[in-house]
Structure formats: structure tokens, C-alpha cells
Visitor: 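Shown below is the structure under consideration.
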Amino acid sequence: MLQLPCLLRGVEFHDRSAMYRMRAAAGSYHYTGSAFQTRWKEPFVYESDFEQSVFELRRDKLRQMEALGQASYPNRFAASHTLPAIHAAYDAATGEQLEQERVTVAVAGRLMAIRAQGKAGFAVLQQGGARLQIYVRLDAVGEQGFALYKLLDIGDHIGVTGYLFRTRTGELTVHVDTLTFLSKAMLPLPEKYHGLADQELRYRQRYVDLFMNPPVREVFVKRAAVLRALRKYFDSRGYLEVETPMMQPIAGGAAARPFVTHHNTLDMDLYLRIAPELYLKRLVVGGLDRVYEINRNFRNEGISTQHNPEFTMLEFYQAYANYHDLMYLTEELIQFVAMEVNGTTKTTFNDVEIDLAHWQRYSMREAIIHFWPEKAGAKPEMPEFANADGVRAMAHRLRDSGTYFAFDDGAPAGNNIAAIFEAVAEDHLIQPTIIYDFPLSVSPLSKQKPEEPEWVERFEFYIGGFELGNAFSELNDPVEQRNRFAQQLAERERGDAEAHAMDEDYVRALGFGLPPTGGEGIGIDRLTMILTGSRSIRDVILFPLMRPQAKDAEKEPAPSA
RNA sequence: GAGCGCGUAGCUCAGGUGGUAGAGCAACGCACUUUUAAUGCGUGGGUCCUGGGUUCGAGUCCCAGCGCGCUCACCA
């Protein structure tokens with residue numbers, strides 16, 4: 001990691017301290033101001049004297065190992081089995097069977113425990129998410145092998161050959177013949193019993209979290225299974241996986257604030273995409289009738305247990321389909337993914353069992369009526385939703401009952417209906433629920449309902465109390481689309497920073513004819529949360545965004561009291 | 001952005017009403033050839049998040065700040 005030239009990702013710094021600060025901000029080390037100058041000359045950046053002394057002791061052990069004929073950083077080990085394969089094949093074998101067969105194996109892994117016992121000792125290897133005990137004794141590995149064993153530390157990678165047996169307590173164990181040193185842990189591992197528990201350290205040092213806390217590994221194995229299942233579903237139904245721009249001149253396709261970046265040669269600002277939607281629909285215009293994309297979106301907004309500034313979304317579009325088709329598809333897709341990933345449609349989230357095989361459907365208006373809180377008085381009735389006065393009245397009833405929500409009297413009635421829905425219904429939508437028919441004013445890209453032009457053919461689905469997906473019959477009338485964008489611009493003028501921007505090229509694409517199309521986006525991080533029972537989005541993102549951890553020299557001087 | 005909670009050794013944590021910092025694991029040394037949170041004896045290890053204040057004296061009390069977590073708001 002340490003690079004002496006004043007270069008960082010192609011940026012040349014004339015002021016070295018500026019480079020240090022930027023590197024610190026990038027998280028590659030802790031900038032410690034003046035103390036840094038001396039530490040820079042060390043072979044490693046230490047966080048404490050303790051760490052430095054451990055590091056130096058272990059460098060000395062490496063030298064001793066070299067004296068024993070071991071390479072300090074060898075480049076391969078030919079294992080005969082992974083540890084999961086050993087368990088799969090021999091967990092059922094008895095001690096007698098192992099004694100007769102005398103199965104010899106070569107396995108490698110990270111040492112997670114060492115129990116030395118004079119001229120013998122046990123150790124535990126971890127690899128591939130599994131653990132296996134090894135037994136090393138002087139009369140089996142010889143003087144040199146045993147000397148090496150004594151130089152090992154918890155965290156080191158080693159390879160061993162030997163035969164399988166069961167110990168007195170019945171544990172499957174490798175009786176080691178030869179010991180090969182593979183790589184040293186120069187830093188001490190966290191405490192072996194409690195592991196790494198500090199939530200901040202776990203997110204910041206995921207590399208440690210992953211090998212110290214096995215359930216973390218499981219979550220990310222399942223996340224990969226989710227992606228695999230989604231691709232399997234769409235690939236087998238004739239959808240083409242595509243990749244569309246993440247750097248866009250106009251950030252469109254969603255109501256959100258974008259990140260801005262800059263291209264030097266073209267000297268132009270670009271936005272990191274907030275959604276791939278408009279590009280995917282251009283592809284449907286181009287004749288790619290069924291497309292999907294799974295990748296990152298970026299939204300320059302708050303961070304919470306359900307929001308990370310970059311998150312992964314699946315979006316798919318299907319020509320000749322409408323939102324009803326997508327409702328059925330959604331129910332089938334979520335069940336399919338659950339079965340592929342967990343082998344069951346049941347999952348537990350926030351201590352509640354959720355059955356992904358049973359879905360409910362409400363229109364947004366029905367949901368508001370159904371979940372209307374008792375303390376807010378009379379339930380709204382359908383006609384009240386039809387005009388601004390009715391909506392204002394129900395908003396006041398709700399407000400007066402003490403439910404806070406963002407009512408904006410100047411905004412279109414539809415915006416307030418959507419706000420009321422979120423305030424009264426969202427928390428109740430624990431079991432899989434589809435909410436359909438959204439107000440036109442919050443849906444600039446959806447097709448209107450033929451018989452109710454103030455409402456659109458759009459649905460969202462909720463599981464665990466939050467939104468996982470959003471779908472609609474796509475608006476394909478270029479003239480109407482241009483009007484919608486114009487209305488959004490007016491909203492933007494009014495101060496709505498998330499109102500949609502005008503995208504003339506997209507309107508032009510519609511001018512060439514978009515077939516009737518259904519499209520949907522599903523939050524993969526949130527889906528993974530549901531399927532793994534993870535309460536925070538940070539638990540399903542390997543490296544969630546964290547504030548850079550700058551130490552004292554980086555901080556603003558505190559004002560004196 | 002607001003409220004609440006947390007921040008002490010590499011890690012996990014103790015430190016009533018202020019009196020000068022502790023344990024376990026990890027590390028180092030010694031003993032131990034079927035242990036498994038191995039065991040026994042010994043040693044070293046601290047900017048008590050940062051800055052300021054009160055006080056004879058602050059890990060502890062007060063103020064400000066930083067970081068993280070949770071809840072709320074915005075958002076998917």
C-alpha cells in the first residue's frame with residue numbers, strides 16, 4: 001500500500017501533506033500529522049506501539065522460519081481438498097473406518113486457534129467457511145517441523161499433509177506429517193471468543209469481520225446466490241442482460257439528488273446515475289423487447305439502516321406487458337429467489353416470520369383506508385381522494401391525531417396522498433404486499449389509468465415494513481412525456497430538488513415508438529436483507545460508506561469553551 | 001438535519017457518590033505428546049475519543065467537538 005512518489009490514483013501532488021490528507025480521506029491509512037513523518041519511514045503504518053512490537057517479533061519469526069528452510073512468502077500450496085469437501089466426505093466416517101482407510105489429505109487454511117501441549121499440540125484451520133482441527137506431534141513431523149509449529153501464530157496461513165483420524169473426543173482431525181508455512185499474520189487477531197464485536201470496526205475492517213464472524217460470510221454467500229437466482233430467472237425467460245451508462249449527462253429515472261463528477265477531456269460535468277430506467281427503455285425502443293440490468297445506483301441523500309449512497313438495483317423491462325403482468329411476475333420471482341437461496345419461502349425478519357409465498361394487494365387508496373389509525377377519526381372514503389379539499393381534510397385529521405408527515409399544501413394533491421400513504425400504511429406492510437395505483441403527480445414516467453387520468457398504472461411492493469420494488473406500465477406517449485417533464489420542471493422551480501429533469505433525447509426516443517411496456521426496479525440490498533434477516537443495509541453491503549476516520553491532525557480545532 | 005446511547009490495553013469488557021487504571025483473551029518466557037474458550041506459573045503492554053473548564057486532584061463532574069450505533073426526518 002505504501003507508495004513514496006507523490007501520486008495518488010493519477011493525481012500529482014506538489015504538496016505532500018495534501019496527498020497524505022487525501023490518502024487518509026481515502027481510508028488507506030490514518031493521518032496523524034507530525035507524528036506521521038517518523039512513522040512513514042517504518043516498514044508499516046502502526047496504530048500503536050503494541051502493534052509495532054508484535055509486528056517486529058513476527059518479522060523475527062519469519063527469519064527463523066527461513067532458517068528452517070521455509071519460504072517466508074511461498075506462492076502456492078497444492079491442496080487435495082477444501083475444508084468443506086473434507087467435512088462433506090468424512091463427517092460421517094467413524095474412527096475405525098478412518099483407521100482402516102488411512103485417508104491422506106493436503107489442506108490449507110488460516111490458523112484460528114493453537115493449543116500447544118509440550119511436544120505435541122492441536123491447532124484449528126479455517127478455510128472456505130469451514131474449520132478443521134489438526135494434530136501436530138514431534139515424533140510425526142520431526143524436529144524441524146515441530147520447530148516451525150512453535151513459530152506459528154494465530155492468523156497465519158499454513159498447509160499440512162497427513163491422515164484423517166478421530167480424537168479421543170471424536171473430533172475429525174488431521175494427523176500431520178508435514179507442515180508448510182504459507183503466510184504470516186503480522187498483526188494480532190481480535191479476541192478469539194468474542195471476536196470482533198465493535199460494529200464500526202466490523203464495517204471499516206470487513207476483511208477481519210469476514211474471517212472472524214462466520215455468519216457475515218454466510219450473508220455474502222447468500223447475496224451472491226440472490227444475484228445468481230435473479231439472472232437464472234430472467235435469462236431463462238428471454239431477457240437480455242445489458243449494461244447502461246453509470247455516468248450520465250442528465251440524471252433521470254427517479255426522484256433523487258445525484259452525485260456530480262467531471263470529465264476532464266470533454267470538460268463536462270456528469271452525474272452518477274440515480275436509475276438506469278431511461279436508458280433501458282431506449283433499448284426497448286431499439287427492439288430489445290426484454291432487458292434487465294443489475295448494478296449500482298447512486299443517490300446523494302441520507303444514510304440509514306435502509307439507505308446507502310450506492311446501492312444495487314435490478315431493473316427489467318418487458319415489451320407488450322403491463323403492470324398487472326408484473327404483479328404476477330413479482331410474486332413468482334420473489335418466491336423463486338427465496339427457494340433458490342434459502343430452499344424455503346419462509347424467512348424471519350425483525351423476529352417476525354414472513355412468508356414470501358403469500359401476497360396481499362391493496363390499491364394505495366384502499367391501503368390508506370384499511371390502515372387508517374383509529375385515533376385519526378373517520379376513515380377516508382373514496383370520493384375524498386378525488387379533490388384537493390378532501391385530501392387536505394384527511395391530512396388535517398391525521399395531523400391532528402399526532403401523526404407527523406410531510407404535508408405540503410402547495411404541492412399537488414397526489415403528492416400529499418402519497419405522503420399520507422407512507423405515514424399510515426408503510427409500517428404495517430410486513431408480509432409481502434403489493435400497493436397499486438399511484439397518483440399521477442408522483443409518477444412522471446408511468447402510464448395513466450384510462451378511466452382515472454389522475455392515477456397511474458404503477459405499483460410498489462413492500463416486505464418487512466419497507467419498499468423493495470417499484471413497477472409500472474411505462475408511459476410511451478412522447479407528447480404526454482414531454483408535458484410530464486415540464487410539470488416536473490415546475491415542481492423543481494417550486495423548490496423540489498428531487499423533481500425530474502427534462503430529457504429531450506428520451507422524449508425523442510419515445511418519438512420513434514416505445515411498444516406498450518412494463519418495467520420494474522427491485523432493491524437487491526433490501527431483498528438480501530429480507531432473505532438473510534439482516535436489519536441494516538450495512539450488513540449486506542461489503543464496504544458500506546463510512547465517514548473517513550481522520551485522526552487528531554485532521555480534525556477542526558475545537559473552539560474553547 | 002434532530003433526539004437517545006456508546007467511545008478505557010491489539011480484541012472483549014470492569015472501573016458506586018472525584019484520590020492518580022484493572023480482568024480475560026491475544027503477546028512474551030517456562031512446563032506439559034488426544035486438546036478444544038486447553039491448563040498452571042511468571043512478564044510486558046494505556047494520549048481512559050479530542051479540546052477546554054471546575055477542582056489541591058478528573059477515566060469519573062461541566063461545556064464544546066469528533067466517530068459509531070439506534071430512532072425520527074428525506075429517500076429506494
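Heavy-atom basis, side chains included; hydrogens, waters and symmetry copies ignored. So you know, we letter chains A, B, ... as the sequences are listed, proteins then strands, and number each from 1.
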Visitor: Figure out the CG/C1' separation between Leu545(A) and rG67(B), and round it to whole Å.
Guide: 14 Å
Visitor: Does Glu171(A) come within less than 4.0 Å of Arg131(A), counting only side-chain N to carboxylate O?
Guide: no
Visitor: Do the charged groups of Asp156(A) and Arg110(A) touch, with an N to O distance under 4.0 Å?
Guide: no
Visitor: Hey, is Glu301(A) close enough to Arg257(A) for a salt bridge, meaning N to O under 4.0 Å?
Guide: no
Visitor: What distance, rounded to whole Å, do you find between the two C1' atoms, one in rG42(B) and one in rG67(B)?
Guide: 39 Å
Visitor: Taking only the C1' atom of each, what is the distance from rG7(B) to rU47(B) in whole angstrom?
Guide: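 The answer is 14 Å between these two C1' atoms.
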Visitor: If the C1' atom of rC68(B) is compared with that of rU39(B), how far apart are they to the nearest Å?
Guide: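 Straight-line distance between the two C1' atoms is 38 Å.
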Visitor: Which is true for Ser53(A) with a 4.0 Å heavy-atom rule: it touches a base, it touches only sugar-phosphate, or it touches nothing?
Guide: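 Here Ser53(A) touches no strand at all.
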Visitor: Checking base pairs now: Watson-Crick or wobble, both atom distances under 3.5 Å. What partners rU17(B)?
Guide: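 Pair assignment: rU17(B) / none.
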Visitor: Check for me: is Phe311(A) stacked on rA76(B) by the 5.5 Å centroid and 30° plane-angle rule?
Guide: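 Answer is yes, a stack.
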Visitor: Scan every strand shown for a Watson-Crick or G-U wobble partner of rG40(B), both distances under 3.5 Å, and answer none if you come up empty.
Guide: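 The answer is rC30(B), by the H-bond criterion.
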Visitor: OP1 or OP2 of rU35(B) less than 4.0 angstrom from a side-chain nitrogen or oxygen of Arg115(A), does that happen here?
Guide: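 Answer is no, no contact under 4.0 Å.
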Visitor: With side-chain contact (heavy atoms from CB on, under 4.5 Å) as the test, pick out the partner of Leu333(A) among Ile522(A), Leu326(A), Leu527(A).
Guide: Ile522(A)
Visitor: Does rC28(B) have OP1 or OP2 under 4.0 Å away from a side-chain N or O of Lys61(A)?
Guide: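 For Lys61(A), the contact criterion (side-chain N or O under 4.0 Å from OP1 or OP2 of rC28(B)) is met.
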Visitor: Looking only at N and O atoms, is any donor in the side chain of Asp198(A) or the base of rU12(B) less than 3.5 Å from an acceptor on the other one?
Guide: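 In this structure, the two groups form no donor-acceptor pair.
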Visitor: Please determine whether any donor N or O and acceptor N or O are separated by less than 3.5 Å between the side chain of Gln133(A) and the base of rU35(B).
Guide: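 In this structure, the two groups form a donor-acceptor pair.
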Visitor: Thr305(A) side chain N/O closer than 4.0 Å to the phosphate oxygens (OP1, OP2) of rU71(B)?
Guide: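 Yes, Thr305(A) has a side-chain N/O under 4.0 Å of OP1/OP2 on rU71(B).
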Visitor: Between Glu331(A) and Arg361(A), is there a salt bridge with N-O shorter than 4.0 Å?
Guide: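 Answer for the salt bridge query: yes.
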Visitor: Atom CZ of residue position Arg206(A) - does it have more than 12 heavy atoms of other residues, nucleotides or ligands inside 6.0 Å?
Guide: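 Counting other residues, nucleotides and ligands, CZ of Arg206(A) exceeds 12 neighbours.
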Visitor: Name the pairing partner of rG1(B), where a pair is Watson-Crick or G-U wobble with both distances under 3.5 Å, or state none.
Guide: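 For rG1(B), the partner nucleotide comes out as rC72(B), under the 3.5 Å rule.
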Visitor: Just the rounded figure in Å: distance from P of rA27(B) to CG of Asp49(A).
Guide: 19 Å
Visitor: Whole Å only: how far is the CZ atom of Phe466(A) from the C1' atom of rC72(B)?
Guide: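 Nearest whole value for this atom pair: 17 Å.
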Visitor: How many Å lie between CD1 on Ile114(A) and P on rU39(B), as a whole number?
Guide: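 To the nearest whole Å, that distance equals 15 Å.
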Visitor: Regarding Glu171(A), tell me which of base, sugar-phosphate or nothing describes its non-hydrogen contacts under 4.0 Å with the strands shown.
Guide: base
Visitor: If you measure only the distance, is there a donor-acceptor pair under 3.5 Å linking the side chains of Glu460(A) and Tyr462(A)?
Guide: yes
Visitor: Could you identify the nucleotide paired to rC11(B), looking across every strand shown and requiring Watson-Crick or G-U wobble geometry with both distances under 3.5 Å?
Guide: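 Result: rG24(B).
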Visitor: Identify, residue by residue, the members of residues 422-430 of chain A with a heavy atom below 4.0 Å from RNA chain B, and return them in order of residue number, or none.
Guide: none
Visitor: Under the 3.5 Å rule, do the base of rU34(B) and the side chain of Arg168(A) count as making a donor-acceptor pair?
Guide: no
Visitor: Indicate yes or no: does Asp437(A) engage Arg458(A) in a salt bridge with an N to O separation below 4.0 Å.
Guide: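 Salt bridge between Asp437(A) and Arg458(A), a charged N being under 4.0 Å from a carboxylate O: no.
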Visitor: Paired with rU55(B): which nucleotide, if any, by Watson-Crick or G-U wobble criteria at under 3.5 Å for both distances?
Guide: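 Check on rU55(B): unpaired, no WC or wobble geometry under 3.5 Å.
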Visitor: Quick one: label Leu468(A) by what it contacts on the DNA or RNA (base, sugar-phosphate, nothing), any heavy atom closer than 4.0 Å.
Guide: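 No contact.
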Visitor: Using the P atom in both, what is the distance from rA26(B) to rG40(B), to the nearest Å?
Guide: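 My reading of the P atoms in rA26(B) and rG40(B) gives 12 Å.
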Visitor: Taking side chain to side chain contact (heavy atoms under 4.5 Å, CB included) as the definition, give me every residue that meets it alongside Lys375(A), ordered by chain and number, with sequence neighbours left out.
Guide: Pro373(A), Ser401(A), Thr403(A)
Visitor: How many Å lie between NZ on Lys119(A) and C1' on rU34(B), as a whole number?
Guide: 16 Å
Visitor: What is the base-pairing partner of rG67(B), counting Watson-Crick and G-U wobble geometry with both distances under 3.5 Å?
Guide: rC6(B)
Visitor: Starting at atom CG of Asp153(A), determine the distance to atom P of rG29(B), rounded to an integer number of angstrom.
Guide: 10 Å
Visitor: Round to a whole Å and report the spacing from CG of Leu201(A) to P of rC13(B).
Guide: 11 Å
Visitor: Using a strict 4.0 Å threshold on nitrogen-to-oxygen distance, state whether Asp139(A) and Lys119(A) make a salt bridge.
Guide: no
Visitor: Looking only at side-chain N and O atoms, does Lys192(A) come under 4.0 Å of OP1 or OP2 in rC25(B)?
Guide: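 No.
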Visitor: Provide, to the nearest angstrom, the distance between the CD atom belonging to Glu191(A) and the P atom belonging to rA23(B).
Guide: 15 Å
Visitor: P atom, rG29(B) versus rG15(B): distance in rounded Å?
Guide: 34 Å
Visitor: Whether Arg204(A) contacts rC68(B) is assessed here as follows: a side-chain N or O lying under 4.0 Å from the phosphate OP1 or OP2. Is that the case?
Guide: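 Looking at the OP1 and OP2 atoms of rC68(B), one of them is under 4.0 Å from a side-chain N or O of Arg204(A).
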Visitor: Considering only atom C1', compute the distance from rC74(B) to rA58(B) and round it to an integer number of Å.
Guide: 41 Å
